[in-house]
Trainee: 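Quick one: the structure is below, questions incoming.
Excluded from the calculations below are hydrogen atoms, water molecules and symmetry mates; all remaining heavy atoms, backbone and side chain alike, are included. Keep in mind that what you see is a predicted model, and the values were worked out from it rather than measured. Each chain gets a letter, A, B and so on, in the order its sequence line appears, and its residues count up from 1.
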Amino acid sequence: MNSSLRLRAGLVSVVLLAAFLGIWHLATRSTAPVATMSPEYAKLMGLTATQGKSAMPGPLDVGAKLFEHLKRPFYDNGPNDKGLGIQLAYSIARVGTGYLLAVLVAIPLGFLIGMSPLLSKALDPFIQVLKPISPLAWMPLALYTIKDSSVSAIFVIFICSIWPMLLNTVFGVASVRKEWINVARTLEVGTIRRAFTVILPAAAPTILTGMRISIGIAWLVIVAAEMLVGGTGIGYFVWNEWNNLSITNVIIAILLIGIVGMLLDQILARFTRMVTFPE
Amino acid sequence: MSTFDNPFDPDRNLRAGCVCGQHQSAAEHEQATALRCDPVESEEKRYEGVVAAAVMRAMFPQDVARRAFLKSVGASTALAALSQFFPLKTATEVFAQAGAPEKKDLKVGFIPITCATPIIMAAPLGFYAKHGLNVEVVKTAGWAVIRDKTINKEYDAAHMLAPMPIAISLGLGANAIPFAVPAIENINGQGIVLAMKHKDKRDPKDWKGLKFAIPFDYSMHNYLLRYYLAEHGLDPDTDVQLRAVPPPEMVANLRADNIDGFLAPDNICQRAIYDGAGFMHLLSKEIWDGHPCCSFAASREFITTAPNSFAALTRAIVDATAYASKAENRKQIAEAIAPANYINAPVTVLEQVLTGTYADGLGGVKTDAKRVDFDPFPWQSFAVWMLTQMKRWGQIKGDVDYKAVAEQVYLATDTKKLMTEMGLSPPASAYKSFAVMGKTFDPEKPDDYVASFKIRKAS
């Protein structure tokens with residue numbers, strides 16, 4: 001029963017994909033030449049103008065271009081032209097750095113706030129104000145004060161991934177069952193030991209959920225940040241291709257961004273399953 | 001007398017007046033013959049000539065005595081005799097290297113448009129290397145970012161719109177930080193492109209209510225479009241909409257019918273035509289032939305901390321600009337700057353811009369060899385004109401010391417010295433008068449010029 005459901009779902013997915021590709025292909029076919037023009041003039045014009053080719057590339061164009069990129073993902077033609085693999089690596093490294101810094105700050109701080117109702121109340125207004133600020137709104141300020149575009153991009157990742165982790169850690173720590181803490185207290189377990197042996201395991205699933213939300217946001221933000229500051233990364237790649245009005249490459253980048261984002265999310269999801277326990 | 005008159009010429013004119021005899025003074029002659037940027041001989045030959053000339057002068061400080069000597073033995077014998085006892089070759093090498101650069105590894109930012117041609121091509125064609133520098137040219141996402149990164153010192157120097165260094169130095173739209181321009185990147189090289197649906201609406205008087213895009217507020221694009229509209233009786237602040245839009249988005253917006261036209265830097269204009277989204281209404285050179293477009297800029301701080309690097313960088317740019325000014329090199333340049341690493345655009349588009357034989361978008365092929373041109377001399381009168389327009393449109397208020405600002409930002413004197421050292425012939429004065437849409441601009445009377453416009457922002 002279960003395996004048949006999975007089979008049927010897979011079949012529906014394939015049919016949907018095929019239908020999507022088919023419609024895409026039909027919608028972007030090139031028509032006959034739009035108007036008669038002198039050959040000398042036609043030579044100076046692009047395909048859109050001469051053959052009525054749609055400005056949108058079809059799935060075959062994208063596929064061919066994607067294959068070309070995958071054949072040599074790590075080429076390096078100087079500072080402004082690197083392979084897709086290298087660009088993705090830059091973006092992942094930036095996200096990783098900013099995200100790890102956020103983990104280092106958010107989880108201990110969240111623990112502290114969660115265990116102390118006083119701190120929780122005192123810091124709450126700050127968190128509430130800072131949380132909804134769009135990460136990119138920080139960008140001009142970061143560029144202006146940090147004076148380094150690469151560090152600014154990392155800072156933006158840091159500042160946007162810290163809040164979900166912090167809030168989830170606070171929530172997870174604060175809602176550990178009172179009975180368990182009371183048992184620990186009865187057994188005269190010290191504060192630090194109590195935090196690590198009782199509270200941390202109990203709050204771990206909530207904390208990891210926060211981390212999972214954060215990595216998703218960080219990956220969303222890096223593309224926009226790199227489009228702004230330029231230089232390297234998948235966001236820069238999108239900007240560079242947009243600059244050339246190459247929609248084919250932009251679509252490829254979108255596809256890859258989606259796949260990498262999914263992979264990052266899956267890694268965190270696996271960690272979450274590892275620490276979750278049935279009650 | 002210029003250092004570059006040939007002291008080996010026995011028929012040299014020793015009286016007052018100029019070489020050709022048609023002008024009152026040598027200075028006037030030089031100004032009349034204007035800037036001849038094309039290096040006549042190879043770099044090495046040029047330096048050799050410079051050094052030999054200096055030695056010859058030192059040996060015979062009296063013009064009359066030198067002439068007698070040359071007449072009796074002949075120029076080539078004199079040169080041969082000179083090199084017998086003076087190490088001309090070594091001296092030439094020492095001269096060519098000038099001061100060693102304080103910093104060899106430099107970063108120069110650019111925006112991917114054909115205006116940046118000299119800055120970009122100097123990398124693949126080896127002009128930076130020739131002047132002893134290792135320069136990395138970095139593509140940058142927009143004018144505000146290039147401004148911030150240059151202020152942050154991530155870039156040592158950068159490609160900027162010609163009015164930008166003036167605006168930054170004055171603190172318009174940024175903190176006031178003294179910037180300087182040793183070279184103009186390109187002259188002309190912009191155009192007004194309209195959406196296809198306006199192909200019968202060629203009279204600007206019918207443009208009321210249209211939406212136009214410009215790349216940046218402090219740009220020649222903005223000032224030229226405003227000038228053009230105002231000359232046709234439209235107030236650019238109330239009769240049309242002007243939006244600052246990044247160039248690639250201009251093409252997409254034009255196609256999407258979101259804007260009616262734009263005044264943009266080239267290859268973007270040609271790109272819109274290439275993609276069938278618009279047509280060329282007119283080239284910016286039809287508004288003002290020979291107008292500056294983009295500049296090469298660096299902060300004063302960089303210039304004072306690394307003067308030799310800055311001089312070498314300027315030499316490389318001037319050298320590249322001289323190379324780009326020659327029509328026969330343009331195809332090679334188009335190929336060199338087209339790859340993804342640099343402008344990242346189809347070669348056909350760049351070739352049409354640089355060679356001046358282009359499709360106009362309406363089915364015709366037009367030819368204008370000066371569609372974009374290259375001439376590095378930073379005329380201070382250009383800066384004065386930009387200041388008059390900043391004043392005209394309310395970007396600066398109150399009294400302006402036009403000349404003081406122009407002379408502080410546009411380094412005509414230093415550039416003239418460098419160009420002379422390189423064997424090029426810069427103009428004698430840094431001010432010249434020119435006409436914009438038939439109206440003459442006198443750099444000596446900027447306030448009168450501003451007051452003479454009927455349409456302007458009251459301030």
Trainee: Flag the one option from B:P247, B:G364, B:A141, B:G276 with the top tally of heavy-atom pairs under 4.5 Å to chain A.
Mentor: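 Among the listed options, the one with the most contacts to chain A is B:A141.
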Trainee: Against chain B, label A:W242 side chain, backbone, both or neither, depending on which of its atoms sit under 4.5 Å from a heavy atom there.
Mentor: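 When you check distances to chain B, atoms from both the backbone and side chain of A:W242 fall under 4.5 Å.
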Trainee: A:I146 versus chain B, heavy atoms under 4.5 Å apart: side chain, backbone, both or neither?
Mentor: neither
Trainee: Where is the tightest heavy-atom contact between B:D266 and B:I113, given as atom of each residue plus distance?
Mentor: O-CB, 3.6 Å
Trainee: Using non-hydrogen atoms only, which part of A:K43 is less than 4.5 Å away from chain B: side chain, backbone, both, or neither?
Mentor: backbone
Trainee: Looking at chain A, which one of B:G142, B:P339, B:G363, B:A144 has the largest number of heavy-atom pairs inside 4.5 Å, strictly under?
Mentor: B:G363
Trainee: Checking B:T140 against chain A: side chain, backbone, both or neither under 4.5 Å from a heavy atom?
Mentor: backbone
Trainee: Please examine the side chains of A:L88 and A:F237, heavy atoms only from C-beta on, and report whether any two atoms are closer than 4.5 Å.
Mentor: no
Trainee: So for B:E351, is it side chain, backbone, both, or neither that comes closer than 4.5 Å to the heavy atoms of chain A?
Mentor: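 Answer is neither: B:E351 stays 4.5 Å or more from chain A.
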Trainee: How about CD on A:Q128, more than 12 heavy atoms from neighbouring residues, nucleotides or ligands closer than 6.0 Å, or not?
Mentor: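 For A:Q128, atom CD is crowded (more than 12 foreign heavy atoms under 6.0 Å).
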Trainee: Select one option (side chain, backbone, both, neither) describing which atoms of B:V145 are under 4.5 Å from chain A's heavy atoms.
Mentor: side chain
Trainee: Ignoring hydrogens and angles, state whether a donor on the side chain of A:Y75 or A:D81 is under 3.5 Å from an acceptor on the partner side chain.
Mentor: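 Side-chain D/A pair, A:Y75 to A:D81: present.
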Trainee: What residues form a ring pair (Phe, Tyr, Trp, His ring centres under 6.0 Å) with B:F179, not counting sequence neighbours?
Mentor: none
Trainee: Quick check on B:K149 against chain A: is it the side chain, the backbone, both or neither that has a heavy atom closer than 4.5 Å?
Mentor: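 Just the side chain, heavy atoms under 4.5 Å.
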Trainee: Of all of A:S38, A:S246, A:S149, which one pairs up most often with chain B through heavy atoms under 4.5 Å apart?
Mentor: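 Between A:S38, A:S246, A:S149, the count favours A:S149.
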Trainee: Does the side chain of A:F158 come within less than 4.5 Å of A:V105's, by heavy atoms?
Mentor: yes
Trainee: With A:T232 as reference, evaluate A:R94, A:Q87, A:K82 under the side-chain hydrogen bond (donor to acceptor under 3.5 Å, both in side chains) test and give the passing residue.
Mentor: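 Looking at A:R94, A:Q87, A:K82, the match for A:T232 under the side-chain hydrogen bond (donor to acceptor under 3.5 Å, both in side chains) is A:R94.
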Trainee: Measure distances from B:L362 to the heavy atoms of chain A and classify the residue's part below 4.5 Å as side chain, backbone, both or neither.
Mentor: backbone
Trainee: Given that the side chain runs from C-beta out, which part of B:D360 has a heavy atom under 4.5 Å from chain A: side chain, backbone, both or neither?
Mentor: both
Trainee: Roughly how far, to the nearest 0.5 Å, is CZ of B:F302 from CG of B:D156?
Mentor: 4.5 Å
